[in-house]
Each structure stands twice: as structure tokens, then as C-alpha cells.
Asks: 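Below you'll find the structure I mean.
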Amino acid sequence: MIKRIKGTEDIYGEDASLWRFVESRFVEMALKYGYQEIRTPILEHAELFVRSVGEETDIVRKEMYIFEDRGGRKIALRPEGTAGIVRAYIEHGMSSLVSPQKFFYMGPMFRYEKPQAGRQRQFHQLGVEIFGTPSPSADAEMIALSFRYLKSLGLSQLSLHINSIGCPKCRPAYREALKNYYSEHLDELCDDCKVRYEKNVLRLLDCKVDTKLADSAPRSLDFLCEECRNHFDQLVNELKAMGIEFVIDHKLVRGLDYYTRTTFEIKHGGLGAQDAVCGGGRYDNLVEELGGRSTPATGFAAGVERIVLAMKAEKLRIPVGMERVFVVGTDSSMRTEVLKVAEELRELGFAAEVDLMERSLSAQMKYAARKNYSYVVILGEEELKSGTLSLKNMETGEQRRVPRGKLKEKIRRNER
RNA sequence: GUGACUGUAGCUCAGCUGGUAGAGCGCCUGACUGUGGAUCAGGUGGUCGCGGGUUCGAAUCCCGCCAGUCACCCCA
């Protein structure tokens, strides 16, 4: 038997409804804030990610799906969404459109990692990007959007963490301070951290083995230049003004090379080790680094799988859509009438299903019950003669004759 | 990439110290020729993850591989 590829998932049944809800709610919310959708290819030149995500990052060094196409080009399946959107922004000269340009997107991303709870090789992200404004208001808006969105799904065990990692002007001093601090504790570091010390000092902060050392390490906020400091202060003020609760987390550094100033993350308390459902921040230099005009930008990405896991952890229900009705005939001679009534119901805005197995009336009732229909319309000789329908409420068992034209008002909406 | 645990029907699992597969649930049909999730009866369904080895004989023991789960790394 051919099985699905490691780290990929088939989404079906109840899960598919959940996913649809998570995605459509996001689209609604992003549109409300004035964002427009952008769909970029899943395939990009591998070089794009090497230059944006960073040559030295794990994502590029060992997690990218790369292949050579028949024309000998090095192609990658996108490991994240931002790079492709920046590429599209530059390629289409969008910097000459009105600023800011605000985009939302969603779709599959690919990273060759070992799967675990909340981590797949093909995973799905939804997110936004704002181009053309250096203002902390942009950071505040997209952070607020992400947080409000997650709350609107019903999630409550959320915590928002923010930080600033400065800019190329002030970050070197901070990095130096960290290096000094850790150099005095080299022998206390775990093996992974010894590597981090050489490779990327900032990441020493999120070591899980020894958190005490990181707790008392120098804080990036204390090293910010004046511009970065003002930026951060204003972000904090705007979040407060919008009534968004957050904590300043000086240990929050993000893994992708392109971040500047603002970084943020939203964690969920009901998940396993992979507890970040959303993350992002500002990347003021990426557009220029990829060959575009110098353009400040900010954005976030949220993991759909993790959102879904979080919703399951909180046992959240989703609102039902259309009221569903099953239409049965007492025998095969009613077939035409059954089809007609089902079409009428669909026309009226209901979901209507009919038997496709040529089953007996009782078997059809059984099917309707198994599929959780709350209403069944029954058609037989008697109904046909009198121009009525029998409408059965499957929850109460109550059944009554209804004139054909009155179906709509007799079927009430209810919540699942 | 590293580590731990796991792999028998669609699902959950049983199968003791080796004698070549079972249950419950599900699914289909019927009891129920105009009425359901309950009950009863029948039916459907398995290369015992894959490949080697040991043995007269392997789901059971050994090795390798693959897959799954969780954690590390990293990240959404």
C-alpha cells in the first residue's frame, strides 16, 4: 500500500470543517483590517530563501526541500511565506503603489524536519505582511490583528510575548555584551549551547536546559539605540491603547535572520513542546537585501496545525453552517419528487441530501440519524395527494405535516 | 540529525513460555412491505509494518529497514 509521505497529513471529516473555519475566520478578519490577499507560488528559486531566511539558519542548511528541475534550475518548496511575498513585491514594482501595502496569505509550507506534536513536514501558515511603513503603529496593528483573530476562534490560553532585538546599528553592541556575559560561564553551558555560543549568541537565550543563566543575561532592550527605543516604547503604548495584554520577554529572539526591532510570539498553554502558534516581527532590511528599494516591513505567520491543536485542547466547538435536511421517499416511485424537493431546499439555502443507495425507508432513516441530521422530510403517496410534506424533527421525534411552501419557516436554525 | 517508546481488521485492542489469527466498535443486509442512533440475526473485513535469520513450525525469538508517537535540535 502506498502511504502518505512522512510528516504530511490528510485533513478530512470534522477536521476539515475545523480547518475551513480557522481559515475563513482569518480571511474575514484580515479583510476587516484592510488587508488584501496575495497568492505566491509554492515553488521558488532556492536562492531566494538562502538570501532571505539566512544561509546559516537550520531552515536553509538542513530543512529545505530542494530539487533540480528538468532545466537544471535549483528549486525549493517554500519553507516560509515572507520571502516569496517580498519577491513578488519587488518583482511587480509595488513600492510605487500607495503605501502601505498590506497583504494576507495562507497556504502550505515545507520543511524537512522530524515530525512531532505540532510539527509536520508539510505544514500550513496564515499570515500578513505590511510594506512601506516604518511606524510602530504597523507592528501594533498586525500584532493586534493576530491576537484578536486567535481570540475570535474562541482560544483563551494565549499569551503574547514581545521584544525588540534592535537594528544593525545597536545590535552588535548587544551581541558583544551577551558574548562577554556568557564567556564567563562557558563551562556551565550545555553542549548545544557551546555550539550556539560560536554560531549565534542570541539563541543562547532560549536554552531549555539552563534557563537561569539566560534570565540574568544582558537584555536587548537595554542596548537599543534611541530610534529603536522610541519605536519599542510607542509599540507598547499602542498595544496598551488597544487593550491588548502582553508581556515583555527579553529572551524572545527569533530564528530567522531578517528580523529587526520588533519580535513577537503568541504561545498557547495547551500544546506540547511546540507551543508557539504565531510569531513574527519587523524586517526593515529584507526588501533591500533582495534587490528592492529600501522598504520597511513587518508581519507575522501563524501555524494552522497548531491553532487547530489548540482549539482541540480547549475543546472548542465551531458554529454550524447551513441547516441540513435529509429527504426520503417512502419507495422508489417517489424518487422524482424527492429530487425536486431536495433541489427546492437547496434553493432556499438549506443543505439537502438524498439517498444514493436505493435503500429502504427505514434504512434511509437510519442513515439520516447516523449522519446527525436534525430534520428529515418524508414524501409518500399521502403527502403527494395533499400537497404537503412530512417534516420530522430527529431530536424530538416529533413529526408534522407541513404545506410544501411553508418548509422554510418550519425549519429553525440551531447550534451544534 | 539524536534519543525513548510503539507498529495485529477502517478504529480500539486481545493473542500467556513459538503450533500459521480473535473480540468489541464500525460498515452492509435483514427482522422493520410509510419511519431512526436501542435490540437481535447474518454478512463484510487482516500480505499480523516490510525484508532477512533461527526453527519441523514465527504475529510470537534475533537482526536490519520503514512508519508512527513524544522529546531534543529548530521553529509556525
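The shown structure was predicted, so the numbers you read here are calculated from the model rather than taken from an experiment. Labels below follow one simple rule: chain letters A, B, ... track the order of the sequence lines, proteins then strands, and each chain is numbered from 1.
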Asks: Check this one for me: any side-chain N or O of A:Arg359 less than 4.0 Å away from OP1 or OP2 of B:C28?
Replies: yes
Asks: Within the 4.0 Å heavy-atom criterion, would you say A:Gly280 contacts the bases, only the backbone, or no part of the nucleic acid?
Replies: nothing
Asks: Give A:Gly7 one of three labels, base, sugar-phosphate or nothing, depending on what nucleic acid heavy atoms sit under 4.0 Å from its own.
Replies: sugar-phosphate
Asks: Need the pair for B:U17. Rule: Watson-Crick or G-U wobble, both distances under 3.5 Å, any strand; none if unpaired.
Replies: none
Asks: In the strands shown, is B:C27 matched to any nucleotide by a Watson-Crick or G-U wobble pair with both distances under 3.5 Å, and which?
Replies: B:G43
Asks: Is the ring centre of A:Phe123 under 5.5 Å from the base ring centre of B:A76, and are the two planes under 30° apart, so that they stack?
Replies: yes
Asks: If I pick the C1' atom on B:C25 and the same atom on B:U44, what distance separates them, to the nearest angstrom?
Replies: 14 Å
Asks: Distance alone, cut at 3.5 Å: any donor-acceptor contact between the side chains of A:Thr133 and A:Ser135?
Replies: no
Asks: Of the options B:G37, B:C72, B:A76, whose atoms approach the side-chain atoms of A:Asn372 most closely?
Replies: B:G37
Asks: Using a distance-only test with no angle check, is there a side-chain donor-acceptor pair under 3.5 angstrom linking A:Ser390 and A:Glu383?
Replies: yes
Asks: Could you verify whether a donor N or O on one side chain and an acceptor N or O on the other, from A:Tyr373 and A:Glu323, lie under 3.5 Å apart?
Replies: no
Asks: Closest-nucleotide mapping onto RNA chain B: is A:Met394 or A:Ile59 further toward the 5' terminus? I mean the 5' end.
Replies: A:Met394
Asks: What distance separates A:Leu345 CG from A:Phe350 CZ, expressed to the nearest 0.5 Å?
Replies: 6.5 Å
Asks: On the nucleotide B:U35, are OP1 or OP2 found under 4.0 Å from the side-chain N or O atoms that A:Gln399 carries?
Replies: no
Asks: Under 3.5 Å, is there a donor-acceptor pair linking the side chains of A:His268 and A:Glu314?
Replies: yes
Asks: Looking at B:G57, which nucleotide sits across from it as a Watson-Crick or G-U wobble partner, both distances under 3.5 angstrom, or is there none?
Replies: none
Asks: For B:G34, give the paired nucleotide (Watson-Crick: N1-N3 plus N6-O4 or O6-N4; G-U: N1-O2 and O6-N3; both under 3.5 Å), or none.
Replies: none
Asks: Consider the side chain of A:Ala276, meaning its heavy atoms from C-beta on, and name the nucleotide among B:G37, B:G3, B:A76 that approaches it most closely.
Replies: B:A76
Asks: What nucleotide, of B:C70, B:C27, B:G68, holds the atom closest to the side chain of A:Ala117?
Replies: B:C70
Asks: Nearest to the A:Lys392 side chain among B:G36, B:C72, B:A67, which nucleotide is it?
Replies: B:G36
Asks: Within less than 4.0 Å of OP1 or OP2 of B:C70, is there a side-chain N or O belonging to A:Gln116?
Replies: no
Asks: Distance between the P atoms of B:C11 and B:C27, in whole angstroms?
Replies: 15 Å
Asks: Rounded to whole angstrom, note down the P distance from B:G34 over to B:A38.
Replies: 23 Å
Asks: Quick check on B:G37: is either OP1 or OP2 less than 4.0 Å from any side-chain nitrogen or oxygen of A:Lys366?
Replies: yes
Asks: Give me the distance, rounded to whole Å, that separates B:U69 from B:U8 when you measure between the P atoms they each carry.
Replies: 14 Å
Asks: For atom P, what is the distance between B:C16 and B:G22, given to the nearest Å?
Replies: 14 Å
Asks: Roughly how many Å apart are B:C13 and B:G46, using the C1' atom of each and rounding to a whole number?
Replies: 14 Å
Asks: Counting the atoms with a prime plus P, OP1 and OP2 as sugar-phosphate, which does A:Glu63 contact under 4.0 Å by heavy atoms, base, sugar-phosphate, or nothing?
Replies: sugar-phosphate
Asks: Could A:Arg121 and A:Tyr112 be counted as a cation-pi pair, given that NZ or CZ must be under 6.0 Å from the ring centre and within 45° of the axis?
Replies: yes
Asks: Considering only the P atoms, how many Å lie between B:A9 and B:G64, rounded to the nearest integer?
Replies: 25 Å
Asks: A:Glu305 CD to B:A76 P: how many Å, rounded?
Replies: 13 Å
Asks: Using a cut-off of 4.0 Å on non-hydrogen atoms, how would the nucleic acid contact of A:Lys114 be classed: base, sugar-phosphate, or nothing?
Replies: base
Asks: Work out how far the P atom of B:C61 is from that of B:C48, and round it to whole angstrom.
Replies: 15 Å
Asks: Under 3.5 Å, is there any donor-acceptor pair linking the side chain of A:Arg119 to the base of B:C73?
Replies: yes
